[in-house]
Number of protein chains: 2
Amino acid sequence: MNLKTLAQELGLSPTTVSRALNGYPEVSEATRQRVLSAAAAANYQPNTQAKRLATGRAMAIGHIIPISDRHEIVNPVFADFIAGAGEIYANAGYDMVITIVPDNLEARAYGELSSKGNVDGVLVHAPRLNDHRIALLDDLSLPYVMHGRVNGTRKPYSWVDVNNTRAFERATNFLLDLGHRRIALINGISDMDFARRRKLGYERALSARGITPDPALLTEGEMTEAQGHDSARSMLALPDPPTAFLTASLLSAMGVRRGIEENGLTMGRDVSIVTHDDELGYLRNGTAQEPIFTATRSSVREAGRRCAQMLISHIERGDTQPRSDLMEAVLVLGQSTGPAPKR
Amino acid sequence: MNLKTLAQELGLSPTTVSRALNGYPEVSEATRQRVLSAAAAANYQPNTQAKRLATGRAMAIGHIIPISDRHEIVNPVFADFIAGAGEIYANAGYDMVITIVPDNLEARAYGELSSKGNVDGVLVHAPRLNDHRIALLDDLSLPYVMHGRVNGTRKPYSWVDVNNTRAFERATNFLLDLGHRRIALINGISDMDFARRRKLGYERALSARGITPDPALLTEGEMTEAQGHDSARSMLALPDPPTAFLTASLLSAMGVRRGIEENGLTMGRDVSIVTHDDELGYLRNGTAQEPIFTATRSSVREAGRRCAQMLISHIERGDTQPRSDLMEAVLVLGQSTGPAPKR
DNA sequence: TGACTTGTCCAAAGCGCTTTGGGGAGGCGG
DNA sequence: CCGCCTCCCCAAAGCGCTTTGGACAAGTCA
């Protein structure tokens with residue numbers, strides 16, 4: 001069933017039917033109703049490709065996911081972010097197209113997406129230090145929004161991010177207030193902008209109390225359970241072990257907890273943990289009312305929604321004015337923290 | 001830059017240029033080279049929408065992800081599956097379009113995807129008991145492949161699945177051979193086909209040794225760390241507690257381990273665990289050489305690749321003959337299992 | 001009453017590609 | 001020398017929609 005035959009059946013021109021369906025005023029209310037009910041009866045849906053070609057709008061938004069042997073971008077956070085963004089897309093009538101690409105071909109993938117015209121804009125994930133994608137996208141003049149910020153760029157751009165520095169500064173202060181002085185940071189990959197900011201917040205809080213960050217209490221890497229476990233194990237074996245851990249993900253925190261318990265210590269009494277919690281659907285920090293870990297909490301799904309919203313409004317308004325949205329993390333109290341043990 | 005202007009610059013007709021670019025024989029090798037290099041120089045990429053309209057092929061494959069308040073489909077497995085499938089799509093020139101939809105609108109979403117013609121086929125996730133989607137898709141005559149099987153359907157359909165029954169039967173037998181008699185199963189949601197099959201394998205192995213499955217040793221639900229932990233805690237408090245756990249996911253296994261250790265017991269000595277391991281990028285079971293948990297291992301990313309491959313060949317061959325691919329899980333030995341403790 | 005809006009509708013020209021149905025030039029055999 | 005075949009190439013007709021530029025009738029106003 002297509003526009004033409006639908007029009008014929010109604011004894012109308014395709015023009016009129018198209019206008020009736022798309023809500024243009026140049027058609028009487030009577031015929032509009034007639035068209036709408038006929039379309040519904042025939043289960044007519046305008047062909048997407050034709051519509052796209054005619055309007056010049058792809059009605060789709062791209063996400064490019066680089067894959068490498070070195071590290072995994074397809075992480076648990078990704079799935080939740082996608083879910084949030086996808087909700088918004090669906091409501092706004094956009095398709096979400098995801099491209100998986102070897103990371104050495106990432107730049108090319110953006111170029112092709114743009115020149116082949118199959119998306120109206122892109123959402124950019126996991127910005128790194130001096131991210132080259134920002135220049136690339138400005139070049140292509142393809143609308144985009146970044147999930148996270150880029151350090152070392154002069155040009156303005158649109159982004160949605162959590163206030164990572166502040167969150168980790170607060171978390172560190174919270175531990176300092178409890179009397180902890182040896183605080184370890186189990187961080188993400190140092191190249192990642194968010195990891196850099198978290199470290200900054202941590203260091204800032206320490207320095208403010210006259211404590212120099214100890215490199216022996218810092219791990220940077222993939223945020224897995226194993227990372228947390230291995231870090232905790234080796235750090236707890238130090239002559240002057242940490243009494244508290246700050247971790248960048250729930251998975252790492254779980255690993256740290258295991259490391260603590262393996263040493264016959266009790267989390268929350270002997271050793272404290274504060275973690276960042278992205279509120280992933282499948283990796284919950286206890287319940288909303290009763291968290292297990294004390295955590296800086298910020299929903300990545302909500303971040304997905306906001307990114308999507310922002311990008312769509314850029315696209316639809318043709319609005320090139322960069323916008324930004326800084327989300328504040330909430331510090332929630334769990335059972336994983338307590339006063340620093342006396343020596 | 002479009003075909004027409006490229007043709008003009010070359011002093012050729014659009015027909016010839018199109019043919020040269022698409023490898024048709026009706027063009028001399030000399031002009032083909034001339035066209036190709038001009039296209040490369042101009043960075044020409046044919047407009048996707050126009051191509052799609054002209055050929056009638058969307059060059060895209062859909063994944064519909066239902067979202068509900070009740071349970072989370074956006075699980076860690078999903079991300080890895082997507083990554084595997086996406087690899088294949090990218091190489092074959094297909095876009096991956098993901099639709100997030102409230103689960104009560106799922107059927108409608110398939111209908112729209114089909115009638116609007118924005119995909120050439122769909123990949124269907126997480127089949128449940130008597131899944132209605134199979135009838136729906138046959139109705140729409142939209143090519144599809146299921147990741148998993150559907151119980152209670154007479155009609156043949158294409159699928160890729162792990163031999164869950166056999167995997168869990170083997171795992172159970174392995175524990176039985178170690179002398180365990182009280183074996184708990186921490187399973188997925190009972191409605192899910194894969195969970196049903198796993199339970200079947202477990203029960204079959206027990207029955208073969210004359211053991212009746214004890215309902216008190218069965219949990220069915222979302223496969224989270226909390227599920228594993230809570231189940232282990234309550235089961236270990238039973239008058240006749242299990243000496244071994246079979247879990248459906250690594251996350252559950254981690255929860256069970258925590259429950260075991262909380263009770264002052266040691267995993268692998270006092271209580272054994274065998275888990276299923278989907279080889280998720282972000283949730284590894286130790287290393288490939290040294291697994292932590294004894295596990296039935298099968299890569300969900302590989303399953304994604306195979307599904308994608310199968311679907312594409314269906315689409316391209318116009319081949320309606322259903323195919324199937326049953327992957328066998330490997331049983332790998334970790335440190336989480338040992339002989340049943342003496343009473 | 002005639003000029004001018006206003007309200008409804010339509011024909012036709014795109015959007016950028018593919019593909020059908022030739023057409024002309026050159027080579028070959030008879 | 002003529003007819004035929006092969007090799008290259010092209011014009012034009014779609015694909016299914018939107019949108020421009022009217023057309024026609026009815027209503028409005030002086």
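So you know, we letter chains A, B, ... as the sequences are listed, proteins then strands, and number each from 1.
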Report the nucleotide, chosen from D:dG16, D:dT19, D:dC9, that has the shortest atom-to-atom distance to any side-chain atom of A:Arg19.
-> D:dT19

Answer with base, sugar-phosphate or nothing: what part of the nucleic acid does A:Gly117 contact at a heavy-atom distance below 4.0 Å?
-> nothing

Is the distance from OP1 or OP2 of C:dC10 to the nearest side-chain N or O of A:Ser13 less than 4.0 Å?
-> yes

Using a cut-off of strictly less than 4.0 Å, decide whether A:Asn22 has a side-chain nitrogen or oxygen near OP1 or OP2 of D:dT18.
-> yes

Kindly say if A:Tyr44 contacts the phosphate of D:dC17, meaning a side-chain N or O under 4.0 Å from OP1 or OP2.
-> yes

Whichever of B:Pro46 and B:Glu26 has its nearest DNA chain C nucleotide further upstream toward 5' | B:Pro46

Do B:Asn47 and B:Asn2 have side-chain atoms, one donor and one acceptor, less than 3.5 Å apart?
-> no

Do any side-chain nitrogens or oxygens of B:Thr15 fall under 4.0 Å of OP1 or OP2 in D:dA11?
-> no

Report the C-alpha distance between A:Thr31 and A:Ser28 in whole Å, list the side-chain angles of each, state the deciding distance to 0.1 Å, and finish with yes or no for side chain to side chain donor-acceptor pair (under 3.5 Å).
-> CA-CA 6 Å; A:Thr31 55; A:Ser28 75; 3.0 Å; yes

Minimum-distance nucleotide to A:Ala54 side chain [options: D:dG16, D:dG21, C:dT18] = D:dG16

B:His63 ring center within less than 6.0 Å of B:Tyr89 ring center | yes

Residue met sooner reading DNA chain D from 5', once B:Pro14 and B:Ala50 are mapped to nucleotides | B:Pro14

Could you tell me whether the phosphate oxygens of C:dC9, OP1 or OP2, come under 4.0 Å of any side-chain nitrogen or oxygen in A:Ser28?
-> yes

Does a nitrogen or oxygen in the side chain of B:Ser18 sit under 4.0 Å from OP1 or OP2 of C:dT18?
-> yes

Could you pick out which residue, B:Asn2 or A:Val27, lies toward the 5' side of DNA chain C when each is mapped onto its nearest nucleotide?
-> A:Val27

Does any donor atom in the side chain of B:Ser13 or B:Thr16 lie under 3.5 Å from an acceptor atom in the other side chain?
-> yes

Any A:Tyr24 side-chain nitrogen or oxygen under 4.0 Å from OP1 or OP2 of D:dT18 | no

